[in-house]
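Data first, discussion second: the structure below is written as structure tokens.
As a basis for the values below, the full set of heavy atoms in this structure was taken, side chains included, without hydrogen atoms, waters or symmetry mates.
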Amino acid sequence: MKVKRFVLAILTVVALTLPGLATATDSVTAQAATKTKVVYVSKLSKKQAAAKAWIAKRESGGNYRARNGIYYGKYQLTISMLHGDYSKANQEKTADRYTHHRYGTWTKAKRHWLSHGWY
């Protein structure tokens, strides 16, 4: 821990004394960050993944950009649930979280969809 603090202190001093170096480093870091793609991997069984895909097909036709009033994306989640992050990874993660908390499983969510026309 002390080594990390020491290295951080040295980097701070260098950045303050050589602002051009800090700007160049920030630029390279920013470029690398924009090229990094966040991927969310759902760990669902085949049965759960099939139910999830079935719901997505009915909700949006599988379109991550689908919009219907306050609902957005592949799973037609409320815009507020996505917290301004409309990425595919966030939509997948948020849909999994929502379904887990509300229904327990995607197959139970599908059952609800079949009886109510929404999940």
Report task. State the OH-CE distance between Y72 and M81, to the nearest 0.5 angstrom. Result -> 15.0 Å
Query raised in the report: In chain order, what residues pass the side-chain contact (heavy atoms from CB on, under 4.5 Å) check against K93, with sequence neighbours excluded?
Result: Y40, N90, R97
Query raised in the report: Rounded to the nearest 0.5 Å, how far does CG of L77 lie from CD of E59?
Result: 8.5 Å
Query - Qualifying salt bridge (charged side-chain N to carboxylate O under 4.0 Å, His left out) pairs with a residue from residues 98-114, counting only residues at least two apart or across chains - result: none
**Report entry** Which atom of V38 lies closest to which atom of A89, heavy atoms considered
**Finding:** O-CB, 3.6 Å
Query raised in the report: Of all residues at least two apart in sequence or in a different chain, which pass the ring pair (Phe, Tyr, Trp, His ring centres under 6.0 Å) check with Y119?
Result: Y98, W106
Requested in this report: Provide the closest heavy-atom pair for L44 versus S42 in the form atom of the first, atom of the second, distance.
Outcome: CG-OG, 3.1 Å
Query raised in the report: Should I79 and R67 count as side-chain neighbours, where that means a heavy-atom distance under 4.5 Å?
Result: yes
Report task. Establish whether W118 and L114 are linked, either directly or via other cluster members, by ILVMFWY side-chain heavy-atom contacts under 4.5 Å. Result -> yes
Query raised in the report: Once you round to the nearest 0.5 Å, how far does CD of Q48 lie from OG1 of T105?
Result: 4.5 Å
Query raised in the report: Do K52 and D96 pass the side chain to side chain contact (heavy atoms under 4.5 Å, CB included) test, and can you show the C-alpha distance, the side-chain angles, and the key distance before you say yes or no?
Result: CA-CA 9 Å; K52 182 178 181 180; D96 281 346; 2.9 Å; yes
Report summary line: Residues at least two apart in sequence or cross-chain that pass ring pair (Phe, Tyr, Trp, His ring centres under 6.0 Å) with H100, listed by chain then number, are none
Requested in this report: Apply the test side chain to side chain contact (heavy atoms under 4.5 Å, CB included) to residues R65 and Y86: give CA-CA distance (whole Å), side-chain angles for both, the deciding distance (0.1 Å), then the verdict.
Outcome: CA-CA 8 Å; R65 293 183 178 169; Y86 303 117; over 6 Å; no
**Report entry** From Y103 atom OH to H112 atom NE2, the distance as rounded to the nearest 0.5 Å
**Finding:** 4.0 Å
Query raised in the report: Do W54 and Y75 belong together in a cluster built from hydrophobic side chains that touch within less than 4.5 Å?
Result: yes
**Report entry** salt bridge (charged side-chain N to carboxylate O under 4.0 Å, His left out): pairs with one or both residues in residues 73-89, sequence neighbours excluded
**Finding:** K74-E92
**Report entry** Residues which pass side-chain contact (heavy atoms from CB on, under 4.5 Å) with A66, listed by chain and number, not counting sequence neighbours
**Finding:** S60, N63, Q76
